[in-house]
Each structure stands twice: as C-alpha cells, then as structure tokens.
Amino acid sequence: MYLISACLLGENTKYNGGNNRHEACLRFAETHSIYAVCPEGISSLTTPRPPAERVGDKVISKDGSDVTAMFLAGARSSLCLALAEAEQRGESIEGAILKANSPSCGSNIIYDGTFSGNKIAGDGCFAELLKELGIKVITEKEL
C-alpha cells in the first residue's frame, strides 16, 4: 500500500481550501493499492487556514501562530490510521508520495519559514516521521 497526499488526488485539503491535483499521482493510484492521507486535515487545523512553514523544529503560520502541536498530532494520527488500514488490508506500507515543500509532507526540501518562496533542505513533520520508520518518501515531482 502506498500513502498519497490527499491534495494530490484532488481532495480540497490544501491550506487555502483548494487542491494540488496531480495527474501522475492519479494514474499511479489506478494501478496500485493506495491510502489517501492529509496530516493537516486530520489535525484540528481548519480548511482554509493561514499558510504555515517549518522553522527548525517548529511550524509557524503566516500570522505568527505556533501550530507545531497540531502538525505533530496530525502526523502521528495519519501514521496510526495508515498503519491500521494496512493491517486491515493485510498489506504493508511500501512507500509514500507526498506534497513537495509542505510543512507536513515535504521531503528533502521545504519552505524556509520566511513565506518568501525560498526553500531549504528539510522534511515536513509527516515525511520525517515516515522516514524514521524506514518508509520511502518521494514527492509528486519525483514520480
């Protein structure tokens, strides 16, 4: 089973209420066992919500609010639900295709916390958690 960011599958879970529908992800989902995830959507964050970026170990929204606890809770909850789904299906989590640059799902490169579009090396909270468990994470840009 592969985890895919729900926004890449066309679900309106993006911070601004939209999505990041990605045709290659949709085609991948047609031929693989998948489970849609949105760590931000499962947390107590609303949609729409102010954009947020990761600054070190914290996640700060553009309005200056520290939303770290909500992002971490969403990452943990998403992982627990995905593991339970995999167990129910009798499958394992083979990998994840997550939204590039996101403070939750970004892998290897994320926005730098200045809300200027600059990027730095780093992982989003959920991607980091998956990698700690040895689950391969890529973004839609690598698909």
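If you read the sequence from its start, that first residue is 1, and numbering goes on from there.
Side-chain N or O atoms of Glu53 include one that pairs as donor or acceptor with a backbone N or O of Thr114 at under 3.5 Å. The backbone N or O of Lys99 lies less than 3.5 Å from no partner atom in the side chain of Ser102, so there is not a single donor-acceptor pair. Looking at Glu11, its side chain never comes within 3.5 Å of a backbone N or O of Ala6 through a donor-acceptor pair. A donor-acceptor pair is defined here as one N or O able to donate and one able to accept, closer than 3.5 Å; no such pair exists between the side chain of Ser65 and the backbone of Ser61.
The distance from the CG atom of Leu8 to the CZ atom of Phe28 is 12.0 Å, given to the nearest 0.5 Å. In this structure, Leu98 CG and Ser5 OG are separated by 4.0 Å, a value rounded to the nearest 0.5 Å. Atom CD1 in Ile4 sits 13.5 Å away from atom SG in Cys38 (nearest 0.5 Å). Considering CD1 of Ile93 and CG of Leu79, their distance stands at 6.0 Å, rounded to 0.5 Å. Here CZ of Arg76 is found 13.5 Å from CG of Leu81. Values are rounded to the nearest 0.5 Å. Atoms CG and CD, on Asn20 and Glu140 in that order, are 7.0 Å from each other to the nearest 0.5 Å.
The closest side-chain heavy-atom distance from Met1 to Glu94 is not below 4.5 Å. Side-chain contact between Phe71 and Pro103: present, with at least one pair of heavy atoms (C-beta onward) separated by less than 4.5 Å. With contacts defined as side-chain heavy-atom distances shorter than 4.5 Å, the pair Lys119/Ile110 does not qualify.
Leu3 and Ala82 make their closest contact through CD2-CB, 3.6 Å (heavy atoms, listed as atom of the first residue, atom of the second, distance). In this structure, Gly113 and Val55 approach most closely via the heavy-atom pair CA-CG2, 3.7 Å. Scanning both residues, Leu9 and Ala36, for their nearest heavy atoms gives CD1-CB, 3.8 Å. Between Asp112 and Ser116 the shortest heavy-atom distance is OD1-OG, 4.2 Å.
Salt bridge Arg21/Glu23: present, at least one basic N to carboxylate O contact under 4.0 Å.
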Which donor-acceptor pairs under 3.5 Å do side chains of residues 123-138 form with protein atoms, sequence neighbours excluded?
unit_1	atom_1	unit_2	atom_2	d
Asp123	OD1	Asn108	N	2.6
Asp123	OD1	Lys131	NZ	2.8
Asp123	OD2	Lys131	NZ	3.4
Glu128	OE1	Arg54	NH2	3.3
Lys131	NZ	Ser107	OG	2.9
Lys131	NZ	Asn108	OD1	2.9

Would you tabulate the side-chain donor-acceptor contacts of residues 40-47 under 3.5 Å, counting partners in other chains and residues two or more places apart, or write 'none'?
unit_1	atom_1	unit_2	atom_2	d
Glu40	OE1	Arg49	NE	3.3
Glu40	OE1	Arg49	NH2	2.7
Glu40	OE2	Ser104	OG	3.0
Ser43	OG	Glu40	O	2.7
Ser43	OG	Leu45	N	3.2
Thr46	OG1	Pro48	O	3.0
Thr47	OG1	Arg49	NH1	2.8

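When Thr139, Ile120, Asn101 are each tested for a side chain to side chain contact (heavy atoms under 4.5 Å, CB included) with Ile109, only one passes: Asn101.
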Side chain to side chain contact (heavy atoms under 4.5 Å, CB included) between Cys25 and Leu143, worked out: CA-CA 8 Å; Cys25 289; Leu143 186 58; 3.8 Å; yes
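Residue-environment remark: CG (Asp57) stays at or below the threshold of 12 foreign heavy atoms within 6.0 Å.
Taking the six-membered ring where the residue is Trp, the centroids of Tyr35 and Tyr2 are separated by 6.0 Å or more.
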